[in-house]
Amino acid sequence: MNVTVEPAGTLRGEIRTPGDKSISHRALLISALAEGESTIEGLSDGEDVRGTLEIIRDLGATVSIVEDHISVRGLEDGLHPSDRPLECGNSGTTMRLLAGVLGNVPGEHHLQGDPSLSQRPMDRVAAPLRAMGIDMSGLGPRMLPPLRVTVPRGEIRSLEYTVPVPSAQVKSAVLFAGLAANGVTEVAESVRTRANTEEMLQQAGITVVSEDCGDGRVVQLHPGRPQPHRWRVPGDPSQAAFFIVLGAIHADAAIEVVDLYDGPERLGFLDVLERMGAAIARHTSPAGVTVRSQSSDLVGTTVESEEIPSVDEVPILAVAAAAATGTTRFRDVAELRIKESNRLTGTIELLRSLGVTAREEGDDLVVEGAGSASTFHSFEYHAALDHRMVMSAAVAAAAGRGGVIHGAETVSSSFPSFFDDLASLR
Ligand code: S3P
């Protein structure tokens, strides 16, 4: 599907993003592992999370969609293997978290994904899970999907593991498998990544001890079975980032994004934008953090990799950098190459189509800002099965001189109402 995004004259209004994607996946998985009924309010309506929902059904959990919440009932004797492949679609989070969750489900499992996910390495979860006694196989040395995961009957081995690249997905896979282990599992990370798995398992009654250690953290998890819980999912800050950047780079905008999850590992992009001179106001309430963003003159900056540990917000920050005065350098963003698409080359291609100079320097992304979005060229962009690239391109088009986005349907994997929400601001 092609979407043409026209330049926007004035942008005003309030946006409510879908429920946080990371919390939504985990709420479904933890509820499925528990015995009895859990409820989830505010679950993301994106296709990635829908895929996780169908998978827990395939594994035997009962899921009903009630008016304003989802009810998940886990089985007394636990989940069981499905007789059909577990379809992870476009979602790396589904596949990597699931690989760990399956440590609690003895038997043989088959996991598959779409053409984008089929290019993404799963060796990062296979290495620790194999050490715990779970057999995993995939294609080639980087272990590309489809995957076969074979889990022995009885306990698996506990593990002390240092995650080699900052990755919340790898940390989470090990912790989920650790629920079924024969002792305490310990995961160390050198940079603090999102803490949803450890926080939510603790809320579900599992003993988890988490300690900060320099820039990183060590998490110890005792085995056990999660208890049912009533989950409330706040808004997704990574989706809010698109509208917050739009507010900052558009010439006549005031946009508010409400009730967002406020985990510090997820809000580094706000600090970066503030450092660039964005007029951003944050207001915290029990429902989450609300962010108001207004037209601003931005200046370039250097973004250290620890500021955006999972690099999700780098493409949209690169669009902000394209509208800024001066150079912006994103340091050590090699992980961009193995997301839903190669976001390093994809971002450079998008920025060049706007008439902005951008390049790779080793593992850094360097952007020479144009000084204002009003100088962006009108463009065409192909979004290679990558929702965040669709939204980044749409923001550049609305703030600049418009553009055509090919493959825009992929936006539904995380934010089905994105284009309607964008239209509501005009
Ligand atoms: C996620 C972790 C991140 C992020 C992804 C969601 C999660 O990946 O990119 O969108 O929910 O655990 P990393 O594993 O690279 O941190």
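Both counts, for ligands and for their atoms, begin at 1 and track the order of listing.
The distance criterion of under 3.5 Å between nitrogen or oxygen atoms is met by Ala168 with respect to ligand 1. Ligand 1 has no N or O atom lying under 3.5 Å from any N or O atom of Arg124, backbone or side chain.
Close to ligand 1: Asp312, with a non-hydrogen atom less than 4.0 angstrom away. Ligand 1 is approached by Lys339 to a heavy-atom distance shorter than 4.0 Å. Under the 4.0 angstrom criterion for non-hydrogen atoms, Arg388 is in contact with ligand 1.
Closest protein heavy atom to atom 6 (C) of ligand 1: Thr93 OG1, 3.4 Å. Atom 14 (O) of ligand 1 has Ser167 OG, 2.6 Å as its closest protein atom, hydrogens excluded (heavy atom only). The protein atom (non-hydrogen) at minimum distance from atom 3 (C) of ligand 1 is Ser310 CB, 3.6 Å.
Ion pairing of Asp364 with Arg359 is absent here, as no side-chain N (NZ or NE/NH1/NH2) approaches a carboxylate O to less than 4.0 Å. We find that Glu340 and Arg343 are joined by a salt bridge, their nearest charged nitrogen and carboxylate oxygen being less than 4.0 Å apart. In this structure, Asp386 does not pair ionically with Lys339, as no charged nitrogen and carboxylate oxygen lie closer than 4.0 Å. Ion pair Arg337/Glu335 not flagged as a salt bridge, since none of the NZ, NE, NH1 or NH2 atoms sits closer than 4.0 Å to an Asp/Glu carboxylate oxygen. Ion pair Arg388/Glu313 not flagged as a salt bridge, since none of the NZ, NE, NH1 or NH2 atoms sits closer than 4.0 Å to an Asp/Glu carboxylate oxygen.
Considering Lys21, Arg26, Lys171 only, the shortest heavy-atom separation from atom 7 (C) of ligand 1 involves Arg26.
Side-chain atoms of Met122 and Pro145, non-hydrogen and from C-beta on, do get closer than 4.5 Å to each other.
The aromatic ring centroids of Phe418 and Phe243 lie less than 6.0 Å from each other.
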